[in-house]
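Data block below; observations after.
Every number for a ligand or one of its atoms is a count from 1 in the order of the listing.
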Amino acid sequence: MSLNQLSALEVAAHVRSGELSAREVLEASLAQIHAVDGVPGSLDQKSLDPAEEQKVHAFIRLTEDLAHRQAEEVDRKISAGEDPGILAGVPVSIKDIFTLQGVETTAASRILYNFKPPYTATPVQKLIEAGALILGKVNLDEFTFGSSSESSAFKPAPNNPWETSHVPGGSSGGSTASVAAEEVALSLGTDTGGSIRQPAAFCGVVGLKPTYGRVSRYGLMAFSSSLDCPGPIARTVSDAALMLQAIAGTDPKDSTSSVVPTSNYLESLKEGVKGLRVGLSPDYTHLFYPDFETGELGIESIQKEISESVLHAASVLADLGAEIVENVPLPNAKYSIPTYFVVSRVEAASNLHRFDGVKYGYRTPVEVEDLQDLIRRTRAEGFGSEAKLRILMGMYLSSEGFAANYYQRALKVRAMIRRDFDRAFDPHGEYRLDVVLTPTTATTAFKRNDIFGNTVRMQYSDQMTVSANHAGLPAVSVPGGLDADNLPIGIQFIGPDFREDLILRAGYAYEQATLDEAWRAVRPAVLRQEVAK
Ligand code: GLN
């Protein structure tokens with residue numbers, strides 16, 4: 001087995017015990033990146049060699065020097081008998097939406113192509129302090145706007161390591177692809193409507209969106225500030241728990257970060273699921289897609305293999321002693337996407353005002369008439385079309401005369417979505433759930449260019465994930481099988497506020513009980529080729 005297949009827990013244990021040096025781990029990780037990643041995404045991609053079609057393209061920028069210095073520091077601490085941290089020597093990639101002092105941070109947008117932030121995001125800083133090795137910045141949809149990573153201004157966009165003709169999902173597609181391709185053990189992503197969980201499902205890895213406020217947003221470029229959550233991406237549930245351990249907690253630099261104490265997520269995995277109440281909802285068995293002629297919500301089935309995986313997971317958990325509670329009503333979930341369209345666009349338009357070409361980032365090279373002209377041209381040239389669409393929509397929806405009809409109303413529906421979950425989790429109520437079990441997505445990964453350009457269809461790939469963002473609740477996607485084309489299926493556990501321990505426990509119990517299932521032995525295509533070589 002290669003070093004790159006080790007879990008983060010195993011790497012950290014071996015490095016701490018001195019069996020492996022952080023330097024060796026780093027070399028193996030870099031070798032894997034060089035073998036499978038191909039050319040990095042860039043703003044001026046010329047024609048692509050056909051062989052590159054089979055590469056992953058997760059990275060925009062490697063930070064080799066930084067990683068070498070970090071590895072040296074970990075190895076120095078080990079030999080000096082100092083504590084190197086819980087992620088000692090673990091290779092990590094960072095979604096390029098988090099600041100890293102002195103290293104270009106682009107949000108995959110032309111408008112920030114040369115921005116070198118003067119400070120490091122809190123979750124990144126915490127990873128560094130825990131002994132992780134930061135290998136580089138990975139690609140994403142521009143400003144995290146998308147579900148396929150194809151809206152990135154940095155091309156080539158990442159591919160799905162399971163089948164490189166397919167997208168890895170988005171917006172944390174570079175993150176999940178880098179973990180699935182065993183380039184790194186962990187990645188730091190963000191989830192506003194599903195951007196950690198949807199690509200985790202598409203790439204067959206674990207993706208956790210913590211409770212809103214559990215992980216600091218300081219240094220995360222804001223998309224929709226009331227929904228954004230940084231979170232871990234890993235290959236195993238225990239690795240996700242370990243990473244959460246490192247990044248969770250109060251941050252005086254983020255006023256929305258929570259003061260609720262963190263728990264020992266790794267320790268609680270062992271508690272099992274006996275007696276845990278796991279809910280299944282009829283409101284998560286279909287996709288509610290709008291009919292643009294009538295304005296009504298039409299119903300579409302979700303991929304059969306995905307519904308079967310959810311039911312199989314429920315029976316596995318039942319065998320382990322969990323109580324399955326069927327028919328839990330979450331009726332407002334079907335309005336989650338329309339609500340998200342309004343809330344996220346209004347907040348995005350507001351957050352993107354700061355990019356004007358005056359203080360940092362891209363500035364139009366043409367001669368301008370005045371400041372207005374400079375700002376207008378800079379934004380016209382700097383933002384991609386999805387960002388522009390969102391700015392226009394956000395401005396419209398929040399403008400005087402329309403806000404009451406759209407924005408205010410969306411906030412009310414958002415409260416109703418939250419109330420559905422309050423009822424389901426109420427310890428004195430009818431359902432008394434510990435977790436809700438749902439599909440993560442309605443389909444497995446789609447082909448490149450199949451959905452890109454249809455912004456509504458693209459948005460609907462978050463139908464199963466976005467309610468947890470509206471409600472602020474923690475949710476995790478774990479691998480739940482493969483479809484007939486060998487594309488990964490994700491199943492999702494949603495839990496009550498700050499009960500990451502519960503959803504991780506459910507995911508871990510399911511994972512451990514199904515380790516011997518045949519699909520777990522199948523490797524992503526990019527890794528099969530590597531073995532064949
Ligand atoms: N796919 C969603 C969108 O396009 C979610 C993005 C996210 O979670 N950052 O907005």
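- Using a 4.0 Å cut-off to heavy atoms of Asp462, the atoms of ligand 1 that qualify are 1 (N), 2 (C), 3 (C), 5 (C).
- Ligand-side atoms of ligand 1 in range of Phe145: 4 (O), range being under 4.0 angstrom from any heavy atom.
- A donor and an acceptor atom, one from each side chain of Glu150 and Ser148, are located under 3.5 Å apart.
- No hydrogens or angles considered: a donor-acceptor pair under 3.5 Å links the side chains of Asp96 and Thr106.
- Using a 3.5 Å distance cut-off with no hydrogens or angles, the side chains of Asp228 and Thr190 do not pair a donor with an acceptor.
- Judged purely by distance below 3.5 Å, without hydrogens or angles, the side chains of Asn469 and Arg414 never pair a donor atom with an acceptor atom.
- Contacts between Met458 and ligand 1 below 4.0 angstrom, taking non-hydrogen atoms only, are absent altogether.
- No N or O atom of Lys95 sits closer than 3.5 Å to an N or O atom of ligand 1.
- Residue Thr144 has at least one N or O atom closer than 3.5 Å to an N or O atom of ligand 1.
- Among all non-hydrogen protein atoms, the one lying nearest atom 4 (O) of ligand 1 is Arg390 NH2, 2.7 Å.
- For Thr262 and Gln245, the side-chain atoms include no donor-acceptor pair closer than 3.5 Å.
- Nearest protein neighbour of atom 7 (C) of ligand 1, counting heavy atoms only, is Ser195 OG, 2.4 Å.
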Candidate pair Arg235 and Asp239, rule salt bridge (Lys or Arg N to Asp or Glu O under 4.0 Å), full reasoning: CA-CA 7 Å; Arg235 284 190 297 273; Asp239 275 4; 5.9 Å; no
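- For the pair Gly146 and ligand 1, a heavy-atom separation below 4.0 Å is found.
- Close N/O approach between Gly170 and ligand 1 is not found [any backbone or side-chain N/O within under 3.5 Å].
- For the residue pair Arg505 and Tyr510, no side-chain donor N or O sits within less than 3.5 Å of a side-chain acceptor on the partner.
- Between Thr190 and ligand 1, no pair of N/O atoms sits closer than 3.5 Å.
- Side-chain contact between Asn351 and Phe223 is absent, with no heavy atoms from C-beta onward closer than 4.5 Å.
- Side-chain contact, Gln492 with Thr438: a donor N or O sits under 3.5 Å from an acceptor N or O.
- Close contacts between ligand 1 and Ser171 involve ligand atoms 9 (N) [criterion: under 4.0 Å to a heavy atom].
- Counting protein heavy atoms only, atom 10 (O) of ligand 1 is closest to Tyr340 OH, 2.6 Å.
- Taking a cut-off of under 4.0 Å to the non-hydrogen atoms of Gly194, the atoms of ligand 1 that pass are 8 (O).
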